[in-house]
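A, B, ... follow the sequence lines: proteins, then strands. Residue 1 opens every chain.
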Amino acid sequence: MDYQFKEIEQKWQKHWAENQTFKADSKSDKPKYYVLDMFPYPSGAGLHVGHPLGYIASDVFSRYKRLKGFNVLHPMGYDSFGLPAEQYAIQTGQHPAVTTKANIDTYRRQLDQIGFSFDWSKEVRTSDAEYYKWTQWIFMRLFNSWYNLETDKAEDISTLIEKFNASGSAGIRAVCDEDTQSFLPSDWANFTSEEKQAELLKYRLTYLKESTVNWCPALGTVLANDEVIGGFSERGGYPVEQKKMMQWSMRITAYADRLLRGLDTIDWPEPIKEMQRNWIGKSVGASVKFKIERPKTEDGSLMIENHHSEDKTSDIGHQALDYIEVFTTRVDTIFGVSYLVLAPEHEWVAELTTDEQRPAIENYIAQTKKKSELDRMADTKTVSGAFTGSYVINPANNERLPLWIADYVLAGYGTGAVMGVPSGDQRDFAFATHFNLPIIQVSDAQKNLDQQADPTKEGKYINSGFINGLNYKEAVAKLNNWLEEEGIGKAKVNYRMRDAIFGRQRYWGEPIPVYFKDGLPYLIQEEELPLVLPEIDKYLPTETGEPPLGRAENWKYHGKYEYELSTMPGWAGSSWYWYRYMDAQNHKEFVSKEAVNYWKDVDLYIGGSEHATGHLLYSRFWNKFLKDLGLVQEEEPFKKLINQGMIQGRSNFVYRLVDEEGKATNTFVSAGLRNEYKTITLHVDVNIVENDVLNVDKFKAWRDEYANAEFILENGKYICGVEVEKMSKSKYNVVNPDVLIAQYGADTFRMYEMFLGPLEQSKPWNTNGIEGVFKFLRKFWRLFHNDAWEFSVVDAEPSKAELKALHKIIKKVQDDVERFSFNTSVSSFMIAVNELTDLKCKNRSILQDLVIVLSPYAPHICEELWSLLGNAAGTLSYAAYPVFNAAYLVEDEFAYPISINGKMKMNLNLALTLDEQQVREAVLSNTQIQGYLEDKEPKKIIFVKGKIVNIVV
RNA sequence: GCUCAGAUGGUGGAACUGGUAGACACGCAGGACUUAAAAUCCUGUGCCCUCAACAGGCGUGCGGGUUCGAUUCCCGCUCUGAGUACCA
C-alpha cells in the first residue's frame with residue numbers, strides 16, 4: 001500500500017490515547033527527565049503554525065529521551081485565566097468559563113492531531129477550582145511568611161512573633177516596609193490585636209499597601225511593571241497612568257539578590273539572563289544624607305517650622321525636612337558635588353520651595369506633567385530643571401549646595417534625589433553646563449573636563465578633603481566607614497526591581513482568599529479553600545467603581561465580612577504549575593513529597609522569550625519561596641531553557657489596476673509587471689497562494705467582488721508580492737496547522753516545522769518546502785515496500801555500506817538532538833534514506849533501527865512500520881535507541897583535497913594509514929600535481945591526517 | 001544611546017574544534033513516462049568568461065589583520081532584528 005498518512009495517524013493516535021502510552025509514573029528505576037512547554041493561553045483563534053514549533057521540538061526531545069531509557073514527564077495544560085476571555089464576556093455576556101472551555105476543546109483537538117506524546121492524565125487548567133485552590137493556598141503561605149535576612153530565607157510569621165515577644169523589634173533584620181515601628185517586648189504585649197496585625201502586615205511576603213500603581217483606565221485594572229511597555233498596556237496598547245491605590249503586593253524584592261545569583265547556576269540563553277539582570281538592576285553604592293538649610297523669611301525666622309505636626313506621616317515628614325537622602329554609586333566623588341536634584345514629583349518639593357522661586361518651580365512641574373511618559377523617556381537630550389531656592393549642606397566639606405528639581409531624576413528609583421557631580425557624570429555635566437553650576441575635578445586622572453564628564457575610577461583624588469591622594473578602592477572604604485560613624489549614611493545596595501503588584505480589578509482570575517475585619521485583611525481558613533469565584537450578572541465594575549466581584553450577591557465571609565474584591569494577576573497560576581503536573585490529581589496537597597522528590601525540577605523548558613521578565617522571574621521567585629518553606633527541593637525550577645524563535649507571517653499581495661481617474665478596476669497585475677501600471681496593493685489570503693503563485697480560480701471565489709476579476713499574467717502565472725509581517729488575521733497571512741495536516745499529515749508537518757531552520761531563530765512561515773518533506777516520508781515508506789507497494793523486507797547480513805549509512809544517522813541524530821539542532825537531523829534523514837534507496841536496502845535489521853531513530857520526528861509512520869516489522873503494536877516509544885558503533889564508519893581511504901597556497905586544486909585518493917612522509921612522496925610524484933607546481937619548489941607541505949594537504953610554494 | 005543576536009546562491013538553510021563553502025530541500029531549466037496534464041523518475045543548477053569541454057577568474061554584508069589555510073579568530077565599519085531606555 002502506498003503511504004496512507006491519514007489512516008496511519010488516526011490509528012496510532014487512538015492507540016496511544018487508549019493505552020495511555022505516555023503516562024509517566026512517579027516511581028521508576030529509570031532516571032527521570034522532565035520536559036516542559038510553556039502552557040498556552042487558549043485564545044479563541046485556535047492554534048496557528050507558530051504555536052506548535054516549540055511543542056514539536058520538546059516532543060521530539062521527549063520521545064528521544066524515552067528511547068534513551070529515561071522516565072520522561074512531558075505534560076500539557078492551559079493557562080486559562082486571563083483578560084481576553086473577560087473582554088469577550090463583557091462584549092457578549094457569555095461566561096468566560098464557557099468560552100474558555102470551548103477554546104480549550106479546540107486547542108486539544110488541534111494538539112491531538114499533531115501526535116504529541118503528552119501525558120494528558122496530568123493536564124492542568126489554572127481556572128479550575130481544583131487547581132486554583134492550591135494557588136490560593138500558596139498565597140496563604142506567602143501571607144503567613146516573612147523574610148529573615150539573618151537566615152536569608154522566608155520563615156513562618158510565627159518565628160517573627162516569637163522574636164517580638166522575646167525582644168521586640170530590636171535586632172530584627174527583615175525585608176519589610178519602611179514605616180515599621182520600633183518597640184519593646186512589653187509594647188508588643190500591650191498592642192491590641194489590630195495593632196499587631198497592622199504591624200505584621202508590614203513584614204508579610206504578600207501585603208496590602210497604598211502604593212503608586214500602573215492604572216489602565218481602558219482595561220479598568222492595575223498592571224504590573226512587566227505588563228506595561230513604554231507607557232502603554234502590553235495587551236491592547238491602552239495608555240497607562242500612575243495612580244495611588246491600596247494594593248496587594250508580593251515582596252519579590254526580598255529575593256532580588258538570590259534571583260540575581262541564581263542566574264549563574266542555570267543553563268539559559270544569555271539574552272534572557274541579561275534581561276533579568278537588568279530588570280533586577282542591582283547597584284552597589286551608598287546612601288548619604290544632605291542636611292537641609294531651611295529657607296528663611298525676611299525677618300530671619302524659619303519659614304518652615306515643625307510642619308505637619310498633626311499629619312499622619314509626621315515621622316517621615318520630620319526626618320525629611322532635616323535631610324535629603326540620596327543614593328549614589330559614586331560616593332568617592334562626593335567632594336565634586338555642586339548641587340542636589342529632586343524628582344519633580346518628589347513629595348517635599350512644595351515645602352522646600354521658597355516664595356520667590358515658587359512660580360518657576362510650579363511652572364516647571366506643570367510643564368513636566370504635560371509631557372507624556374513617552375516623551376520624557378524619548379527626549380533625553382534637552383536639559384531642563386528649576387531651582388527651588390533652598391540649599392543643602394554637603395556633609396563631606398560643609399559646602400552650601402543649591403537644591404534643584406529636574407525631570408532627569410526619577411521619583412521611582414532610589415530616593416528620588418540625586419547628588420550632582422558634573423565632573424563625573426555626563427548628565428550632571430550637561431545640567432551644570434546648562435545652568436552654569438560649578439564643575440569640580442575630583443581625580444587627577446580626569447581629562448577634558450571642559451568638554452565632557454570623565455567617570456574614570458583611575459588616579460588619585462584631588463580637591464577631596466580627607467580622601468585626597470587615595471585611590472578608588474581606599475576612598476570608597478574610607479567614606480563608607482565615615483558615613484556610618486557620623487550617622488549620615490551607609491554603604492547600600494539598591495535594586496531597580498520593585499515589589500510586584502498582585503491584585504487585578506478583574507473578574508476572570510483567582511479570588512484572593514482574604515476577608516476584611518475592621519479594615520484589616522485576614523486569611524480565610526485553609527479548610528475553606530478553594531474560595532470559588534462567585535457568579536455575577538455582568539462582567540463590569542460596580543457603579544461605585546469597585547471591581548466586578550463587588551457585584552456578587554451575598555458574597556461575604558461567614559455571611560458578614562467583606563471579601564477582597566480584586567483577583568490575582570495572570571502570572572499567579574503559572575508561577576508554580578510545573579509542580580502540579582507532577583501530581584495533578586492530588587486532593588490533599590499541591591504536590592506530594594514523593595512526586596517532588598522524584599521529579600525535582602524541570603530539566604528542559606521550551607518557550608518564548610517574551611516571558612523573560614514576567615513569568616520566568618515570578619516562577620523563580622515562588623520556587624525559591626517554596627524551597628525556603630521546605631515544600632520543594634531545588635533552588636531553581638528550570639535547569640535548561642530554550643527559546644524557540646517566533647514564526648512570522650509571510651503576507652502575499654495582489655496588485656489591482658487603477659484607471660485614469662484613480663478608480664480601482666477589476667484587473668490585477670502580476671508582481672513582476674506592476675511597475676508598468678498604476679496599481680494599488682492589497683493583501684491576499686495566503687491560503688489561496690502556492691509558492692507565490694496565485695490560484696486565480698480560488699481568488700475569484702474568495703470574494704464576490706473578485707468573481708469577474710481579470711489578470712495580467714507573466715509566463716502564464718499570476719505572481720504575488722511578498723512581505724514578512726506579524727501573523728495576524730487582518731493581514732490574511734495566518735496559516736492554520738489543520739489545513740496542512742489534512743493535506744500532508746502530522747508527520748510531514750512535524751518534520752517540516754523542524755526542517756525550517758534553527759529552533760531559536762525567528763523566521764517567516766513559508767510552506768514552499770513542505771512537498772520535499774512529504775516526498776521524503778514517502779521515499780522512506782517505499783524502502784519497506786516493493787514496486788507493487790507490498791511490505792517487503794529481507795533477513796540477511798547487512799552490507800558494510802548499509803551499516804555505514806545507518807550508523808552515520810544514529811550518531812548524527814544523537815548529536816543533533818542533544819544540542820537541539822533539529823533542522824540538521826531532518827536533512828540527515830533525507831541523506832540516509834537517499835543512500836539506502838540507492839543501495840536498494842531491504843534489510844530488516846537496518847530498517848528497523850532506522851525506524852527507531854526517525855520515530856521522535858515522525859512517530860506515526862514509524863509506529864506503523866514498527867508493527868509491520870513484526871513488533872508488538874505501540875511499543876516503539878519505549879524501544880532502545882540503537883547503539884552507535886564507530887567501527888562502521890572507519891574508512892581506509894580518503895580523497896585528500898590537495899591545495900596549493902591554500903587554493904583547492906584537486907582530490908587525491910590516499911590510504912589513511914599513510915604517514916606524513918608517505919603522503920608527501922605520493923603527492924609530489926603525482927603528475928597532475930607536478931603540472932600545477934610548474935617546477936616550482938615546494939617550500940613547505942602542510943599535512944593534516946584525514947583532512948587536507950596544502951603545498952606552499 | 002546602551003546590550004544582545006544576526007548578515008552564506010533565486011529561496012529556507014548546511015559546513016559542530018581554523019582544513020574541499022553552498023550538504024539537504026524548495027524553485028527553476030531540460031529530459032523520460034503520458035494522446036495530454038498531474039503525479040512520478042532522471043539530469044543540470046553560486047556568479048563571470050567560454051558555442052561547449054578543459055582550464056581560469058570571482059565569491060560567505062564591507063574594509064583591514066593574524067595564518068600554510070578564515071564563513072569560522074582579531075580590529076574597524078555598514079545594515080537588519082530583538083531587548084532596554086535619563087537607574088544616579
Classify [X] by what it touches in the nucleic acid, base, sugar-phosphate, or nothing, heavy-atom distance under 4.0 Å.
| X | answer |
| --- | --- |
| A/Asp425 | nothing |
| A/Tyr896 | nothing |
| A/Met904 | base |
| A/Asn834 | sugar-phosphate |
| A/Arg778 | sugar-phosphate |
| A/Ile942 | base |
| A/Glu760 | nothing |
| A/Lys812 | base |
| A/Asn823 | sugar-phosphate |
| A/Val418 | base |
| A/Lys939 | nothing |
| A/Pro758 | sugar-phosphate |

Using whole Å, report how far [atom1] of [X] lies from [atom2] of [N].
| X | N | atom1 | atom2 | answer |
| --- | --- | --- | --- | --- |
| A/Lys779 | B/C41 | NZ | P | 7 Å |
| A/Ile831 | B/A14 | CD1 | C1' | 9 Å |
| A/Ile272 | B/U3 | CD1 | C1' | 14 Å |
| A/Lys808 | B/A23 | NZ | P | 15 Å |
| A/Phe822 | B/A25 | CZ | P | 21 Å |
| A/Gln648 | B/G6 | CD | C1' | 13 Å |
| A/Asn950 | B/C68 | CG | P | 10 Å |
| A/Asp815 | B/U17 | CG | P | 12 Å |

Could you let me know what [N] is paired to, Watson-Crick or G-U wobble, both distances under 3.5 Å, or none if it's on its own?
| N | answer |
| --- | --- |
| B/G59 | none |
| B/C73 | B/G65 |
| B/A52 | none |
| B/C2 | B/G83 |
| B/U78 | B/A7 |
| B/C28 | B/G44 |
| B/C16 | none |
| B/A23 | none |

- Any sub-3.5 Å donor-acceptor pair from A/Glu753's side-chain atoms to A/Arg750's backbone N or O? no
Margin query: Given 3.5 Å as the limit, does a donor-acceptor pair link the side chain of A/Asp499 with the main chain of A/Thr253, or not?
Written below: yes
Expected label for B/G30 (glycosidic angle, syn inside 90° of 0, else anti) would be anti
Between [N] and [M], how far apart are the two [atom1] atoms, rounded to whole Å?
| N | M | atom1 | answer |
| --- | --- | --- | --- |
| B/A7 | B/G13 | C1' | 13 Å |
| B/A88 | B/G18 | C1' | 46 Å |
| B/A21 | B/U8 | C1' | 8 Å |
| B/G19 | B/C28 | P | 36 Å |
| B/G44 | B/G63 | C1' | 37 Å |
| B/U80 | B/A29 | C1' | 33 Å |
| B/G6 | B/C86 | P | 28 Å |
| B/U11 | B/C4 | P | 30 Å |

Comparing nearest nucleotides in RNA chain B, the 5'-proximal residue of the pair A/Arg496, A/Glu771 is A/Glu771
Walking RNA chain B from its 5' end, the first of A/Pro271 and A/Ser283 to be reached, judged by nearest nucleotide, is A/Pro271
Can we say [X] and [Y] salt-bridge, meaning some charged N sits less than 4.0 Å from an Asp/Glu carboxylate O?
| X | Y | result |
| --- | --- | --- |
| A/Lys804 | A/Glu891 | yes |
| A/Arg277 | A/Asp264 | yes |
| A/Arg819 | A/Asp815 | no |

Go through the steps to decide whether A/Lys940 and A/Asn950 satisfy the test side-chain hydrogen bond (donor to acceptor under 3.5 Å, both in side chains), and finish with yes or no. CA-CA 8 Å; A/Lys940 197 174 168 189; A/Asn950 188 16; over 6 Å; no
Counting side-chain heavy atoms from CB outward, which of [options] is closest to [X]?
| X | options | value |
| --- | --- | --- |
| A/Thr328 | B/C4, B/U3, B/A88 | B/A88 |
| A/Ser827 | B/A15, B/A23, B/G12 | B/A23 |
| A/Met830 | B/C24, B/C41, B/G19 | B/C24 |
| A/Lys775 | B/G83, B/G13, B/C41 | B/C41 |
| A/Pro897 | B/A25, B/U20, B/U11 | B/U20 |
| A/Tyr413 | B/G19, B/A88, B/U3 | B/A88 |

Distance col, row A/Glu893:CD vs A/Leu914:CG, nearest 0.5 angstrom, shows 9.5 Å
In A/Leu889, A/Val813, A/Leu806, the residue satisfying side-chain contact (heavy atoms from CB on, under 4.5 Å) with A/Phe884 is A/Leu889
Mind checking whether A/Phe776 and A/Phe780 have parallel, tilted or perpendicular rings, split at 30° and 60°? parallel
message = With hydrogens left out and only the distance checked, is there a donor-acceptor pair under 3.5 Å joining A/Asn768's side chain and the base of B/C26?
response = no
From CA spacing to verdict: salt bridge (Lys or Arg N to Asp or Glu O under 4.0 Å), A/Lys945, A/Glu916:
CA-CA 8 Å; A/Lys945 195 166 192 167; A/Glu916 178 156 8; over 6 Å; no
Can you check whether [X] has a side-chain N or O nearer than 4.0 Å to OP1 or OP2 of [N]?
| X | N | value |
| --- | --- | --- |
| A/Ser609 | B/A82 | no |
| A/Gln761 | B/G13 | yes |
| A/Arg782 | B/U40 | no |

